[in-house]
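Just so you know, ligand 1 is whichever comes first in the structure, and atom 1 is the first atom listed for that ligand. All values below were derived from every heavy atom in this structure, side-chain atoms included, with hydrogens, water molecules and symmetry-related copies excluded.
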Amino acid sequence: MATVDTSIPPKTTGAAAKLAAAHEAEHPLKLYGGWFCPFVQRSWIVLHEKKIPHQYVEINPYKKAADFLALNPRGLVPTLAVPVGDQGKTQKPLYESSVICEYLDEAYSDESKYGPDLLPKDPYERARCRLWIDHISNKIIAGFYRFIQHTPEKDYSIGEARTNFLTQIKTLAKEMDDSGPWFLGETFGLVDIMLAPWAMRLFLIDHYKPGGVGVPAEGQGGEDEKLWARWRKWFDAIVARQSVKETWSDDALYIQAYKRYAEDTTNSEVGQATRKGQKLP
Ligand SMILES: N[C@@H](CCC(=O)N[C@@H](CS)C(=O)NCC(=O)O)C(=O)O
């Protein structure tokens, strides 16, 4: 088996460390996460947005401990242990970040306790949100890895990777409601959450790749200026959102952890799949 990325710093730092410490006490609802993982951050943001009581358990998914594999045979974080029955003494597992996020939104839907739902009630609007979540997962995020894992040996140029990535972002920006910063306008929701962790990681492309991400500066977007202005409004709101900031470790550690992606030497399942042009795990 290929060498796994087990040398990643072991735990949360900065704001995320404070949040993790506030949720270290035993609780039957457990999120098994890795601080560096954007899929984990999706689930963590939902828990934090809805103020759902839970325990955060930091693990290194590359080490594949037997008790972790028993919960999630795919061996990936996020993995959620869900309490079963009245006493909540036994637990059932859930995995896949989008499944976990929708589960939490539905299972904790009492608005008086957990605030507004993250998906709209109207069936068409719910479906439309899922459509754009699919675009985020299969087009934008796939494009992010193709971009950050670009090396001069690839059969595509960095310019192609950048253009493809920016095109997918513009396609999403076109769908954003004009009335507010979020995808749905004034209402923050699941579409925003599903992309937020990668928005936060864009600085890694600026750090590692010649020419950086390439989102045009204000007034420089040419015929797409309106779309880019809409994207910047969304992006600025995301980086200022409390639940996003408080699930974020120190920038320097992401730079360290993503070096393997930037050099395309990671042996993570995400890295291996994207290197071969396969679907994300
Ligand atoms: N499709 C999964 C992807 C999760 C995923 O790839 N997690 C990575 C960390 S960011 C992982 O656990 N990797 C372990 C490995 O590659 O062995 C989801 O949405 O939850």
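Evaluated by nearest non-hydrogen atom to atom 16 (O) of ligand 1, the leading choice among Arg42, Glu269, Lys63, Met194 is Glu269. Looking at Tyr62, Phe36, Phe39, Tyr32, it is Tyr62 that brings a heavy atom closest to atom 14 (C) of ligand 1.
Proximity of Pro78 to ligand 1 is established by a heavy-atom distance of less than 4.0 Å. Residue contacts with ligand 1 include Val77, since one or more of its heavy atoms lies under 4.0 Å from the ligand.
Between the side chains of Tyr56 and Trp35, no donor-acceptor pair is found at a separation under 3.5 Å. Using modelled atom types and a 3.5 Å distance limit, the side chains of Glu153 and Thr151 yield a donor-acceptor pair.
Classification of the Trp248-Tyr254 ring pair by plane angle, with boundaries at 30° and 60°, yields parallel.
Considering both main-chain and side-chain atoms, Ser268 never comes within under 3.5 Å of ligand 1 through any nitrogen or oxygen pair. Considering backbone and side-chain atoms alike, Lys64 places an N or O below 3.5 Å from some N or O of ligand 1.
Residues passing the salt bridge (Lys or Arg N to Asp or Glu O under 4.0 Å) test with Asp250: none are found, sequence neighbours excluded. Ala273 pairs by the side chain to side chain contact (heavy atoms under 4.5 Å, CB included) definition with Gln278, Pro281, not counting sequence neighbours.
Under a 4.0 Å N-O distance rule, the pair Glu269/Arg74 does not qualify as a salt bridge. A salt bridge is absent between Lys139 and Asp134: the closest approach of a Lys/Arg side-chain nitrogen to an acidic carboxylate oxygen does not fall below 4.0 angstrom.
Each of the atoms 11 (C), 12 (O), 13 (N), 14 (C), 15 (C) of ligand 1 lies under 4.0 Å from some heavy atom of Leu76. Taking a cut-off of under 4.0 Å to the non-hydrogen atoms of Pro61, the atoms of ligand 1 that pass are 12 (O), 14 (C). Counting atoms of ligand 1 from 1 in the listed order, those under 4.0 Å from a heavy atom of Val270 are 6 (O). Of all atoms in ligand 1, numbered sequentially from 1 with element shown, those under 4.0 Å from a heavy atom of Cys37 are 7 (N), 9 (C), 10 (S).
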